[in-house]
Visitor: 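So that we are looking at the same thing, I have put the structure below in structure tokens.
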Amino acid sequence: MSNKDDGHHHHLREQESYYAARTKALESLFREKNLIGQDTVDRVIGFFETEMGPFNGAKVVAKAWVDPDFKARLLEDCNAAIAELGIRDGIEGENLMAVEATKSVHHIVTCTLCSCWPWPLLGLPPYWFKDPAFRARIVREPREVLQEFDVKLDPSTKIEIWDSSAQVRFFVVPVRPEGTEGWSEEKLADLISTEAMQGLGLVHAN
Amino acid sequence: MSNKDDGHHHHLREQESYYAARTKALESLFREKNLIGQDTVDRVIGFFETEMGPFNGAKVVAKAWVDPDFKARLLEDCNAAIAELGIRDGIEGENLMAVEATKSVHHIVTCTLCSCWPWPLLGLPPYWFKDPAFRARIVREPREVLQEFDVKLDPSTKIEIWDSSAQVRFFVVPVRPEGTEGWSEEKLADLISTEAMQGLGLVHAN
Amino acid sequence: MKLQQYLGGLENVGPVSTEKRVFVEEWEKQLFGVHMCMMGTGIWAWPHLRVKAEGMNPLDYFKYRYYIKWLGGMCAFLIERNYINEEELDELTDYYLENPDAPLPEKGNPKVTQAVVDYMYTGDDPYRDVANNPVFKIGQRVRVLDPPSAVHTRLIGYLRNQVGVIDEVYPKAVLYSDSVPTDSISVPQPIYRVKFMTREIWPERPDTSDSLFSEVFESYLEAA
Amino acid sequence: MKLQQYLGGLENVGPVSTEKRVFVEEWEKQLFGVHMCMMGTGIWAWPHLRVKAEGMNPLDYFKYRYYIKWLGGMCAFLIERNYINEEELDELTDYYLENPDAPLPEKGNPKVTQAVVDYMYTGDDPYRDVANNPVFKIGQRVRVLDPPSAVHTRLIGYLRNQVGVIDEVYPKAVLYSDSVPTDSISVPQPIYRVKFMTREIWPERPDTSDSLFSEVFESYLEAA
């Protein structure tokens, strides 16, 4: 059996080398044809490391937790509210909408047709969000899928699912955990995962 | 590349050894538990080699070609007509129905839910009939699938598809090829393939 | 949606198999023999095998060869119903893997063979001698219903919500099977042959006068 | 039926991925960078990538990791539109396979980077300033239509034939995209947020008060 597995992994590594070489060939051709700049790829990756990432969403959620007026404005007009915090919108966030989780209603975001995701607030989508099995199951058996994410909901909690298919990118303000009274926004933001801001995680005070 | 292929084939052979051993284990347990006779498997296989096979269907078609009255009875009551030729029905042939292909109507039989097939006339279904891709495509794009079977229909020929799902097992009397006037039933029967009797082949005089 | 119940009409699945053989490996014959023995002695029937096939991961359903799927389905069924246990099956599999030429035990029930042959010549009569009062008549337009997903169905996925014409009313009441969970066909009922125009089912395809016939249980139909 | 258009609700597909990383191989970042460059310079847009994804063999769609599918889709698109040719791509791929540490050419268009960053901060406004006279209003019951299979759709398969309630009427006319073939959404039209009860979509599931919201183009709806 171990021989088989080694062969399998070897084969996988070979494929990855191929994909890597083909990608390199692609960028190389783009450079030759003046379709890309030498620093474009680095700048794009850096952009999602420093400018558009889940740190934005966490900042917004923490603010909403400590400032009820801000939260009201966020739920009313998400794009305008995040601008107050100096967060720019843009691609895949032209029309953002925040929904607030409560103890009785849990929100889950998915995109069964592709992988629509609120980039300005969460950066790029992680692999789980794009997984065909996740997208197949989350709309029909959300409680079973939540279990696979180790999320335990009270059975009486109602679930609302948001399946993006046209223009709006949905974003969840999760429930603020107990025991965080008086915490700073920075300290609160550190608790908030990407998953919690799409309903596949809860926020816990560490 | 050849290394990869060898590895692939080696892996396949290994799997086949496993399936073979597991099947042997299964029959072995059946024998230990007195659930099967020592000659049951051989007798079953022999049954489909000598008693229920496409030779029955070919005999029926040849008879229908040379005897219009028999053909009329066959199309009216298939089970009764084949009994005239000494062909017994039975499993997967309790309710047979023959449909006659003409130059203007071509019949195709499929079973998109499983693999319903007229065993008394054709024996056991070949692999193509059970292939998920065949079953997916034949009902929606029959002309494209016929091309993959090297069957060329006149574009004006209408297609009728028979998708078995309840009780009836369909059987096609194909078009008699030109140039076979006066041939014996035996000689005609030799021309007729299993595929032709389900609409995935035509009959040609060699 | 169970993909195996919606197989017909699935797009982009690549070339079809044109393999004309019934068995491509010797072990498949032996497996088929054991299956036929199970059928002939009443251990199982087609609906049990179909339930297993429809409950498979759809990707595995495409991936594995026909009799490989049967092998999995048969073993799972026999273990669930306690005809055999998994440990003894695994142990014996290992034994035959290491000793591929080892003979089978010279034991068994000699009466089974004839019972199986008799069964193959008899089959299963689906008709039930109960009142058959068909709701629909020849020439009538009917719409195929779209009931919830079931463990097992004989409703062809691509026919859901389609309208056809009754082409034939079968003469007797049919019982599909009451030994497996189905949507609505485990009670005797009329069946109909319904004619559909394929251009209505797949209007995006080139226009033809092609038609498609299928037998449909009454409980899957309503007047259109 | 294109399976990728009917993914939601597909049963028996096994455990979900809980991989929380965005990229699992370094080359994926580079590929994403090239993709973003294509977006920012107008070489392609999401609909082109979606058309490729929906046109894939559904088994390959499940089999290959996300960015492996992107790589295939991007290369195919660029070759079809003559941005690059297959031979040069294959040759260079072989070269970098044999020389994985060989540098990229020190060439390129220095203006592209800022254009791409500007684009990422701007995005695409789907709203069109044309008359928007929505047919449906908040609280109205609507049925989702079941149009023929299209090359590309934004109609979620499991919502076909379902009845929901209009939860929101979006204020302006939306143009999806007129650069790819769609069923009916390549003209500006109203969109609606529609609320569905999941127990009505999947009545075979345990009964809950769970609901599902989705935005639906007007041309996919009729009054219920």
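What you see is a predicted model, and the numbers here were worked out from it, not measured in a lab. So that the names make sense, note that chain A is the first sequence line, chain B the second, and so on, each numbered from 1.
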Visitor: If I measure from the heavy atoms of chain D, does A/Asn34 come under 4.5 Å with its side chain, its backbone, both, or neither?
Guide: both
Visitor: Non-hydrogen atoms of chain A under 4.5 Å away: do they reach the side chain of D/Tyr121, the backbone, both or neither?
Guide: both
Visitor: Is D/Leu155 in contact with chain A via its backbone, its side chain, both, or neither, using a 4.5 Å heavy-atom distance?
Guide: backbone
Visitor: What I'd like to find out is whether the side chain of D/Phe62 reaches to under 4.5 Å of the side chain of D/Leu10, using heavy atoms alone.
Guide: yes
Visitor: What part of A/Glu141 is in contact with chain D, defined as an atom under 4.5 angstrom from a non-hydrogen atom: side chain, backbone, both or neither?
Guide: both
Visitor: Just so I understand: if I count every heavy-atom pair under 4.5 Å between each of D/Asn99, D/Leu97, D/Asp125 and chain A, which residue has the most?
Guide: D/Leu97
Visitor: Hey, is D/Glu19 close enough to D/Arg65 for a salt bridge, meaning N to O under 4.0 Å?
Guide: no
Visitor: Let me see the working for A/Lys24 and A/Glu27 under salt bridge (Lys or Arg N to Asp or Glu O under 4.0 Å), right down to the final yes or no.
Guide: CA-CA 5 Å; A/Lys24 213 165 169 184; A/Glu27 184 180 351; over 6 Å; no
Visitor: Parallel, tilted or perpendicular: which describes the rings of A/Trp119 and A/Phe48, with under 30° parallel and over 60° perpendicular?
Guide: perpendicular
Visitor: I'd like to know whether D/Lys52 forms a salt bridge (Lys or Arg N to Asp or Glu O under 4.0 Å) with D/Glu80, so could you lay out the CA-CA distance, the side-chain angles of the two residues, the decisive distance to 0.1 Å, and finally the verdict.
Guide: CA-CA 12 Å; D/Lys52 288 286 179 211; D/Glu80 280 164 21; 2.4 Å; yes
Visitor: Do you know which of A/Leu35, A/Thr194, A/Asp150, A/Val105 has the most heavy-atom pairs with chain D at a distance under 4.5 angstrom?
Guide: A/Leu35
Visitor: Do any N or O atoms from the side chain of A/Trp128 and from the backbone of A/Phe149 form a donor-acceptor pair under 3.5 angstrom?
Guide: no
Visitor: With a 4.5 angstrom heavy-atom cut-off, could you sort out which part of D/Asp90 is near chain A: side chain, backbone, both or neither?
Guide: both
Visitor: Less than 4.5 Å to any heavy atom of chain A: does that hold for the side chain of D/Tyr6, its backbone, both, or neither?
Guide: neither
Visitor: Taking C-beta and beyond as the side chain, do A/Thr157 and A/Ser104 meet within less than 4.5 Å on heavy atoms?
Guide: no
Visitor: Could you give me the CA-CA distance, side-chain angles and deciding distance for D/Tyr67 and D/Trp27, then say whether ring-ring contact (aromatic ring centres under 6.0 Å, His included) is met?
Guide: CA-CA 9 Å; D/Tyr67 284 114; D/Trp27 64 263; 7.3 Å; no
Visitor: Between A/Asn56 (side chain) and A/Glu51 (backbone), is there a donor-acceptor pair under 3.5 Å?
Guide: yes
Visitor: What residue in D/Val24, D/Ile201, D/Thr153 has the most heavy-atom pairs under 4.5 Å with chain A?
Guide: D/Val24
Visitor: In terms of heavy-atom pairs under 4.5 Å, which option from A/Glu94, A/Arg22, A/Glu160 contacts chain D the most?
Guide: A/Arg22
Visitor: Between chain A and each of D/Tyr83, D/Trp46, D/Phe23, count heavy-atom pairs under 4.5 Å; write down the option with the most.
Guide: D/Trp46
Visitor: Does some side-chain heavy atom of D/Glu88 sit less than 4.5 Å from a side-chain heavy atom of A/Leu29?
Guide: yes
Visitor: Out of A/Pro155, A/Pro126, A/Ala136, return the one with the most heavy atom pairs under 4.5 angstrom to chain D.
Guide: A/Ala136
Visitor: Using heavy-atom distances under 4.5 Å, tell me whether D/Arg154 contacts chain A through its side chain, its backbone, both, or neither.
Guide: both
Visitor: Using non-hydrogen atoms and a 4.5 Å limit, figure out which bit of D/Tyr95 sits close to chain A: side chain, backbone, both or neither.
Guide: neither
Visitor: Heavy-atom cut-off 4.5 Å, strictly under: side chain, backbone, both or neither for A/Thr110 against chain D?
Guide: neither
Visitor: Measure distances from D/Phe196 to the heavy atoms of chain A and classify the residue's part below 4.5 Å as side chain, backbone, both or neither.
Guide: neither
Visitor: If I measure from the heavy atoms of chain A, does D/Glu204 come under 4.5 Å with its side chain, its backbone, both, or neither?
Guide: side chain
Visitor: Take A/Arg140 and D/Glu11, measure what salt bridge (Lys or Arg N to Asp or Glu O under 4.0 Å) needs, and give me the verdict at the end.
Guide: CA-CA 9 Å; A/Arg140 185 174 179 274; D/Glu11 296 176 48; 3.4 Å; yes
Visitor: Can you tell which of D/Thr113, D/Val117, D/Val112 has the highest number of heavy-atom pairs within less than 4.5 Å of chain A?
Guide: D/Thr113
Visitor: Given heavy-atom pairs under 4.5 angstrom as the criterion, report whether the side chain, backbone, both or neither of D/Lys69 touches chain A.
Guide: side chain
Visitor: Check each atom of D/Ile43 against the heavy atoms of chain A and say whether the ones under 4.5 Å are side chain, backbone, both or neither.
Guide: side chain
Visitor: For chain D, find which of A/Glu148, A/Glu144, A/His107 contributes the most heavy-atom pairs closer than 4.5 angstrom.
Guide: A/Glu148
Visitor: Between D/Thr208, D/Ile191, D/Asp124, which shows the greatest number of heavy-atom pairs under 4.5 Å with chain A?
Guide: D/Asp124
Visitor: Mind ranking D/Pro110, D/Gly72, D/Ala115, D/Gly14 by heavy-atom pairs under 4.5 Å with chain A and telling me who comes out on top?
Guide: D/Gly14
Visitor: Do the rings of D/Trp70 and D/Tyr66 sit parallel, tilted or perpendicular, given the 30° and 60° boundaries?
Guide: tilted
